[in-house]
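Just so you know, these numbers come straight off a predicted model, no measurement behind them. Proteins get letters first, then strands, A, B, ... in listed order; numbering begins at 1 in each.
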There are 2 protein chains.
Amino acid sequence: MDHKRATIKDIALALKLSPSTVSKALRDHPNIGVTTKERVKKLAEQLHFVPNQTAIRFKQQKSFTLGILIPSMLDHFYVAAVEGFEKFAYDNGYNVLIGQSHESLQREKELLLTMQSNRVDGLIIAISRETVDTTHINEFVQSGTPIVYFMRKPINEEYHCVCSDVYTGSIDAIAFFVSRMHKRIGFINASSYWTTSRDRFLGYRDGLIQHRIPFDKSLVQESDFTQESNFQATRRLMQLDKPPTAILAFKDQVMLDALSCLRRDFATRADSIELIGYGSNPMIQYLERPPLASLKEQPFEIGQKAGLLLLDLVNHPQTGYQPQLVKLPCELQVFSSYKQR
Amino acid sequence: MDHKRATIKDIALALKLSPSTVSKALRDHPNIGVTTKERVKKLAEQLHFVPNQTAIRFKQQKSFTLGILIPSMLDHFYVAAVEGFEKFAYDNGYNVLIGQSHESLQREKELLLTMQSNRVDGLIIAISRETVDTTHINEFVQSGTPIVYFMRKPINEEYHCVCSDVYTGSIDAIAFFVSRMHKRIGFINASSYWTTSRDRFLGYRDGLIQHRIPFDKSLVQESDFTQESNFQATRRLMQLDKPPTAILAFKDQVMLDALSCLRRDFATRADSIELIGYGSNPMIQYLERPPLASLKEQPFEIGQKAGLLLLDLVNHPQTGYQPQLVKLPCELQVFSSYKQR
DNA sequence: TTGTATGCGTTATCAA
DNA sequence: TTGATAACGCATACAA
């Protein structure tokens, strides 16, 4: 057990070379002799030499690490986004530092500090539910580390962002509902501080307008994603004088809870209510009577795209002034049991 | 925009102190004057000073980072384990580096190198499906970094491991099946290179013995977790001359696929087959006709416990000789629709 | 109570 | 083609 790891120095000493020569040899620097390179590499392998990233980072004043801040890994959507981001990062020689806010502003602030402390070269972030004020994020950016928002962008910030084109998604959903003769369409939305909520809403509203359906404020309810909140929103809709015959939900998790609520509390009417959510949660395939449809998003691609944009900012800090807004399309995916109706 | 981050030197210079004094003041070292501390801390805040972990790691020859290697974050079980591990790590001042093997041995080897290169202070690992030979892991340990296996431990290695007590779990499952009059009980297992597969099997076999049910080799099938493989294993069981009336599955995902397969390909018999899986996947609550039961595991606690064990090894390298084996109990959770039968 | 000197592993610059 | 030197930011042993 060689408890002390081999360093460049060790190799240099053993081979009677200088550390700088060894360093260059290991990295195939052009002006090092072929034989020297061979000797160095051979010994390096024998000694199980592994370059010390810790030292390289320090020396280069660059962490080769990108950060990603998400609400929770228990949400399949964000896991997929992490996957895409990670793949992009690894392909470009970067590590990834993951942080979960668990929807807590306090935690988000702490994590931002951790990211700074670790000197991440850049960060992508989906803000927490509690994030109304964005001073802490602005300070982070001020300190020189570029960020890219993804999915959840503060509504009062103009900044780089990659997200789903939920506006068009909502338009499509409404059109599909209308084609199935629905005229009263409920909508369960999320935090009004996110552009992604606003865009969903605008699509919902404009979709109604396109089909000459009057907009009714009471048909729009807000939920915070907890099961209880999803249930309550559903109940509020169903207890209206003129309840909806169809519901568009902010995301599949909300839709599934709405479905549970309907079947439990409104059993007689449950089967006549049609539902569309966002996300295409893979578990839906296991339901015997799945909801009507889901707007399939592209979380993996969103993670990748956000990484691409971020790396560009990392390498060309001056491009930071013109905020980029990337929207990836959603696709309405109708579940099989409804297709042939 | 202060593009260059403040360092201890900057503070020292501005306050006409030495860097070492500032360093000590910031960390509340006892022999620094109160007024000095105040001056230092005040300026540090004004300059938005954030200690450079990159430098600290380098200086201390310690990364304050723990690694975790899992098959995939798309598996809810491992996400929960990461959560537990992460919480423990953060509470103890450590960062976490996550790697996903995606069941590839090649990727696992690469990730092990990345972990070494990042000088993680310790690592917990659930090996990939392809990991039969464990030379790469042993070399990793040889190089001086402690590891703890969790869930998936190579069958030919005696080493620290934290996992579910699946042996007792299988015993309980069989007992429950027997209480419901089943006599032919199928079993879909996973890689025979994992102790967790062997233990499940031993529990299955011993459970049968306890109830004087003859063991039948053909009732045990293996799957690799892909949907197709899960389907095939189910079909092999159902196509036996004397098919099972109940099936124990390696994990809930396998059980759900088995359920799909039964309902699709063996519709007439599907409802008479009872299923038990491992894991208590939260999505099961959304099924209208859920399977019989699931052995609820404790992935969060397993992650925490593995972290605890690992940190002990990190801090007391000499304790490494007596392999610790920790098993956390599983609890048979019967789904509601069956409870009153 | 504060300051000085040193070194962690690596690489870039410049000299030989 | 190779080598010497300095530097990155911080913590520590020791000196004042």
Inset, instruction - Starting at atom CG of B:D28, determine the distance to atom C1' of C:dT1, rounded to an integer number of angstrom. - result: 15 Å

Inset, instruction - Would you check if there is a donor-acceptor pair between the side chains of B:S143 and B:Q116 at a distance under 3.5 Å? - result: yes

Inset, instruction - Could you check whether B:N52 gets within reach of a base, just the sugar-phosphate, or nothing at all, counting any heavy atom under 4.0 Å? - result: sugar-phosphate

Legend entry - Under-4.0 Å side-chain N/O to phosphate OP1/OP2 contact, B:Q60 with D:dT12: yes

Inset, instruction - Please figure out whether A:P51 or B:K16 has its closest DNA chain C nucleotide nearer the 5' end. - result: B:K16

Inset, instruction - Would you kindly give the CD1-to-P distance between B:I11 and D:dC10, to the nearest whole Å? - result: 8 Å

Inset, instruction - Please indicate yes or no: is the ring centre of A:F58 less than 5.5 Å from the centre of the six-membered base ring of D:dC8, with the two planes inclined by under 30 degrees? - result: yes

Legend entry - Nearest-nucleotide pick for A:K24, side chain only, options being C:dT4, C:dT11, C:dT13: C:dT13

Legend entry - Flag for A:S164-A:Q298: side-chain donor and acceptor within less than 3.5 Å: no

Inset, instruction - Grab the CD-C1' distance between B:Q53 and C:dC8 for me, whole Å please. - result: 15 Å

Inset, instruction - Measure from the side chain of B:T7, starting at C-beta and using heavy atoms only, and say which of D:dC10, D:dG3, D:dT12 lies closest. - result: D:dC10

Inset, instruction - Give a yes/no on whether any side-chain N or O of A:T21 is located under 4.0 angstrom from OP1 or OP2 of D:dG3. - result: yes

Inset, instruction - Take atom CG of B:L47 and atom C1' of D:dG9, then tell me their distance rounded to the nearest Å. - result: 15 Å

Inset, instruction - Give a yes-or-no answer on whether the side chains of B:S23 and B:R27 include a donor-acceptor pair shorter than 3.5 Å. - result: yes

Legend entry - Sugar-phosphate only, base, or nothing, as touched by B:K9 at under 4.0 Å among non-hydrogen atoms: sugar-phosphate

Legend entry - Whole-Å gap separating P (D:dA13) and NE2 (B:H29): 9 Å

Inset, instruction - With the side chain of B:A55 defined as its heavy atoms from C-beta on, choose the nearest nucleotide among D:dC10, D:dC8, C:dT1. - result: D:dC10

Inset, instruction - Assess the side chains of B:E130 and B:Q106: does a donor N or O sit below 3.5 Å from an acceptor N or O? - result: no

Inset, instruction - For the side chain of B:I8, starting at C-beta, report the closest nucleotide among C:dT10, D:dA11, D:dA4. - result: D:dA11

Legend entry - Interatomic distance, A:E38 CD vs D:dT2 P [rounded to whole Å]: 12 Å

Legend entry - Polar contact flag, side-chain donor to acceptor under 3.5 angstrom, B:S18-B:T21: yes

Inset, instruction - Measure the distance from CZ on A:R5 to P on C:dG9 and round it to the nearest whole Å. - result: 12 Å

Inset, instruction - Map B:T36 and B:R119 onto DNA chain C by nearest heavy atom, then report which one ends up closer to the 5' terminus. - result: B:T36

Legend entry - Touch class at under 4.0 angstrom, heavy-atom based, for B:S20 against every strand present: base

Legend entry - Shortest side-chain distance from B:R27, nucleotide among D:dG3, D:dA11, C:dT2: D:dA11

Legend entry - Base C:dT11 to side chain A:K59, donor-acceptor N/O within 3.5 Å cut-off: yes

Inset, instruction - Scan side-chain atoms only and decide if A:H29 and A:N31 contain a donor-acceptor pair under the 3.5 Å cut-off. - result: yes

Inset, instruction - Nearest whole angstrom, please: distance from the P of C:dA16 to the CG of A:N31. - result: 17 Å

Inset, instruction - Please determine if a side-chain N or O atom of A:S23 lies less than 4.0 Å away from the OP1 or OP2 oxygen of C:dT11. - result: yes

